[in-house]
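Only a predicted model underlies this, so the values are computations on that prediction, with no experimental measurement involved.
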Amino acid sequence: MSEKIAFIGAGIATSYTLIPLLDNIEKEEHINEIEIFIIDKSNDFFKGMPYGNRSGKSVLLIQDLKNFITEPHRTHFKNWLDANLNQLVEEFIENGGMYATKWAEINSPLFKKGEWDDLYIPRFFFGKYINQEVLGRIDKLEGEKKLKITYIQKETSNITKKADNFQINFIDNTFISSNKIVLSIGSLPYKKLFNGEIKNHNNSLYIKEPYGLGMEKNMEQISSFINRRKSKKLKTKIAVLGANASGLEMIYKICDKLNIDEYDTSFKTLSSHGVMPDGTFDSIKAKQFKAKHLELLAEKNNLTAKTIAEAAHKDIDEAEKQGLGAATTVGIISKGFGILLPSLSNEELLNFACFHGNQIGRRQRCAGNHYLSVVEELSNRERFEHIKGRFQSLYESSDGLTMTYSNSKAKETIEDSETFNIVINCLGSVDLNSNDLSPFFKNLINTGLCEPNLSKIGFKVDANMQASENLFIAGPLLAGNQIEDKIFWHLEHCARIIWSSDILANKIFENI
């Protein structure tokens with residue numbers, strides 16, 4: 001009987017697990033045909049949500065290319081970009097608005113010379129590339145009778161295990177059986193902030209998540225809503241909840257879709273830290289800034305995760321006092337605590353991964369100036385404001401959607417509220433303790449197939465990256481774990497996904 005491996009989720013983590021796994025299979029002369037199931041509720045196989053159709057074809061990477069993907073993958077990708085340049089740029093301009101055209105005009109002197117490293121490229125470029133990389137290997141191995149691939153576009157409802165076999169159940173009451181499973185479904189679902197039905201469609205529009213229905217469908221809803229209000233000479237107030245990459249992207253896309261000179265719209269964002277991502281690197285001040293609190297710990301013994309995290313926060317505080325943004329200091333501070341982490345015990349390393357890494361990261365967010373320049377332009381027109389506060393509730397009132405939020409000032413918590421016409425939920429995901437967790441996740445936990453680790457955003461895995469025997473974890477659900485000599489507090493970064501997926505591919509191949 002041939003080995004059966006099911007990948008639940010067909011995004012980047014699956015792609016970068018399959019590439020080395022299929023390469024190993026090709027090199028193995030004496031191997032029985034392996035059957036692989038690729039399961040995803042979307043048809044964006046091997047691209048994933050950020051790089052496929054759900055994000056659309058006019059959004060850009062949040063990082064420049066040299067920080068997005070590691071070597072040797074980056075050079076291979078750049079060669080592919082050079083070979084497909086004209087078609088890719090034409091497709092980008094065709095699907096974008098004025099900002100897409102502007103991007104191509106500004107950056108053409110660089111990409112026409114093959115100088116990609118410093119560019120924030122359109123994300124769908126990477127999606128097309130990685131899709132071709134995986135499909136090329138699949139076609140070759142299927143031709144050699146070493147591989148059988150079955151694609152299943154369905155939503156998984158449950159997994160059960162009997163003896164050495166898994167049964168994977170789908171919401172249409174069908175199922176398949178598999179010897180091994182790779183759970184690679186990306187990040188946890190978005191938080192639910194508003195459960196009611198909109199009653200006044202002229203005054204209220206709620207976007208429950210940026211990519212679930214697809215970015216372009218969201219843009220169609222937003223465009224239609226704003227146009228209706230414009231025809232009635234009504235101003236439109238937009239709240240973007242969350243000052244993260246997806247929040248910035250939504251502002252950028254709305255302004256790209258609708259010429260901001262022609263529409264009477266205003267924007268506000270809400271975040272607990274009250275700080276927008278930073279995109280301005282100051283090379284002179286970067287040489288002058290020191291992570292002094294972290295440097296002092298180099299001479300200390302018996303360090304703990306908490307001690308290192310407290311020093312990192314003090315250094316971030318100091319940077320903010322000096323007016324230095326994350327783009328200038330993130331490398332210095334990250335290097336400062338990175339040097340200290342190897343001195344921690346395994347228990348303290350996991351404490352850092354589960355409790356402290358993400359808290360530091362939320363204060364060190366960076367983004368490209370292609371997104372931030374839109375915010376700056378809106379600010380100059382007095383059409384953008386950032387609110388420091390914590391979301392409390394959202395309800396529909398006669399004039400729109402009223403958001404309540406709290407803010408701590410002078411050791412006092414102040415409750416406030418404001419009404420908007422459009423509210424976009426970019427506040428991030430639930431955790432594995434949430435009441436809003438999907439039945440699929442609840443079943444995984446209740447049956448003991450998966451156990452949340454202390455981070456509550458990832459599952460515990462063993463040295464073979466298994467949540468339980470033959471149930472492997474890939475991608476963001478590895479958060480809060482140590483894999484070989486590295487700890488991970490999140491795996492949204494493509495370079496981390498590539499590294500961990502390569503390790504996983506070898507673990508699976510050794511176990512075939």
Side-chain angles (χ1 to χ4, degrees), residues 2-26 33-52 54 127 130-142 146-161 165-171 174-188 440-441 444 449-450 458-459 461 464-478 483 491 494 497-512:
S2 67
E3 184 85 0
K4 294 182 178 182
I5 307 171
F7 286 79
I8 302 178
I12 295 301
T14 286
S15 294
Y16 274 105
T17 304
L18 280 172
I19 287 171
L21 177 61
L22 298 181
D23 286 346
N24 284 334
I25 291 171
E26 183 183 6
E33 184 181 61
I34 294 173
E35 185 170 6
I36 293 180
F37 301 99
I38 307 294
I39 303 163
D40 202 298
K41 61 183 178 182
S42 164
N43 63 356
D44 257 357
F45 291 109
F46 308 125
K47 299 176 185 177
M49 187 179 290
Y51 313 104
R54 284 167 288 178
I130 199 65
N131 176 266
Q132 290 182 20
E133 286 293 297
V134 177
L135 289 179
R137 287 167 168 82
I138 287 173
D139 289 346
K140 188 173 191 301
L141 289 178
E142 282 190 312
K146 287 186 174 182
L147 183 70
K148 178 183 178 183
I149 290 281
T150 302
Y151 297 96
I152 301 173
Q153 188 184 343
K154 294 181 181 181
E155 184 172 353
T156 304
S157 60
N158 194 18
I159 298 171
T160 56
K161 188 175 185 182
N165 215 34
F166 293 96
Q167 180 172 300
I168 302 170
N169 302 286
F170 304 110
I171 58 173
T174 60
F175 66 89
I176 62 167
S177 296
S178 182
N179 310 118
K180 293 179 174 61
I181 292 176
V182 179
L183 188 61
S184 177
I185 55 179
S187 299
L188 290 164
F440 174 67
F441 279 105
L444 286 174
L449 287 174
C450 294
F459 288 126
V461 296
N464 288 318
M465 300 173 69
Q466 299 173 122
S468 54
E469 188 177 7
N470 286 325
L471 175 52
F472 300 86
I473 305 295
L477 288 175
L478 285 170
I483 302 169
L491 281 99
C494 195
I497 289 175
I498 291 171
W499 185 87
S500 60
S501 298
D502 186 67
I503 300 295
L504 175 58
N506 290 327
K507 303 283 187 187
I508 295 171
F509 185 72
E510 290 168 2
N511 201 22
I512 290 176

Which pairs would a plain distance check flag for residues 10-24, meaning a side-chain donor or acceptor within less than 3.5 Å of a matching protein atom at least two apart in sequence or in another chain?
from, atom 1, to, atom 2, distance (Å)
Thr14, OG1, Gly9, O, 2.7
Thr14, OG1, Ser184, OG, 3.1
Ser15, OG, Gly11, O, 3.2
Ser15, OG, Phe46, O, 2.8
Thr17, OG1, Ala13, O, 2.7
Asp23, OD1, Arg137, NE, 2.9
Asn24, ND2, Pro20, O, 3.3
Asn24, ND2, Asn506, OD1, 3.3

Next item on the list: With the side chain counted from C-beta on, respond yes when Phe170 and Ile176 share a heavy-atom pair under 4.5 Å apart, and no when they do not.
Entry: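 Side-chain contact under 4.5 Å: yes.
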Next item on the list: State, yes or no, whether a side-chain contact exists between Phe441 and Phe459 at a heavy-atom distance under 4.5 Å.
Entry: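 With C-beta onward as the side chain, the pair touches.
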If I take atom [atom1] from residue [X] and atom [atom2] from residue [Y], how far apart are they, to the nearest 0.5 angstrom?
X: Leu183; Y: Phe7; atom1: CG; atom2: CZ; answer: 11.5 Å
X: Phe440; Y: Ile159; atom1: CZ; atom2: CD1; answer: 4.0 Å
X: Ile483; Y: Leu491; atom1: CD1; atom2: CG; answer: 6.0 Å
X: Glu3; Y: Glu35; atom1: CD; atom2: CD; answer: 11.0 Å
X: Ile152; Y: Ile38; atom1: CD1; atom2: CD1; answer: 9.5 Å
X: Lys161; Y: Ser468; atom1: NZ; atom2: OG; answer: 5.5 Å

Notebook entry, point to check: With sequence neighbours excluded, what pairs up with Asp139 under the side chain to side chain contact (heavy atoms under 4.5 Å, CB included) test?
Noted result: Glu142
Item checked: Of all pairs that satisfy side-chain hydrogen bond (donor to acceptor under 3.5 Å, both in side chains), the ones with a partner from residues 40-52, not counting sequence neighbours ->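 Of all non-adjacent pairs touching residues 40-52, those that pass side-chain hydrogen bond (donor to acceptor under 3.5 Å, both in side chains) are Asp44-Asn53.
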Check: Pairs in or reaching into residues 146-156: which pass side-chain hydrogen bond (donor to acceptor under 3.5 Å, both in side chains), with residues at least two apart or in two chains?
Finding: Lys154-Asp172, Lys154-Thr174
Using modelled atom types and a 3.5 Å cut-off, is there a donor and acceptor pairing between side-chain atoms of [X] and backbone atoms of [Y]?
X: Ser500; Y: Ile497; value: yes
X: Asn169; Y: Phe175; value: no
X: Ser178; Y: Phe166; value: no
X: Asn131; Y: Phe45; value: yes

Next item on the list: Using the side-chain contact (heavy atoms from CB on, under 4.5 Å) rule, take Ile8 and Val182 through it: C-alpha gap first, then chi angles, then the decisive distance, then the call.
Entry: CA-CA 6 Å; Ile8 302 178; Val182 179; over 6 Å; no
Check: Can you list every pair that meets salt bridge (Lys or Arg N to Asp or Glu O under 4.0 Å) and has a residue in residues 503-512, with sequence neighbours left out?
Finding: none
Could you give the side-chain donor-acceptor pairs of residues 471-478 under 3.5 Å, partners two or more places apart or in another chain?
none

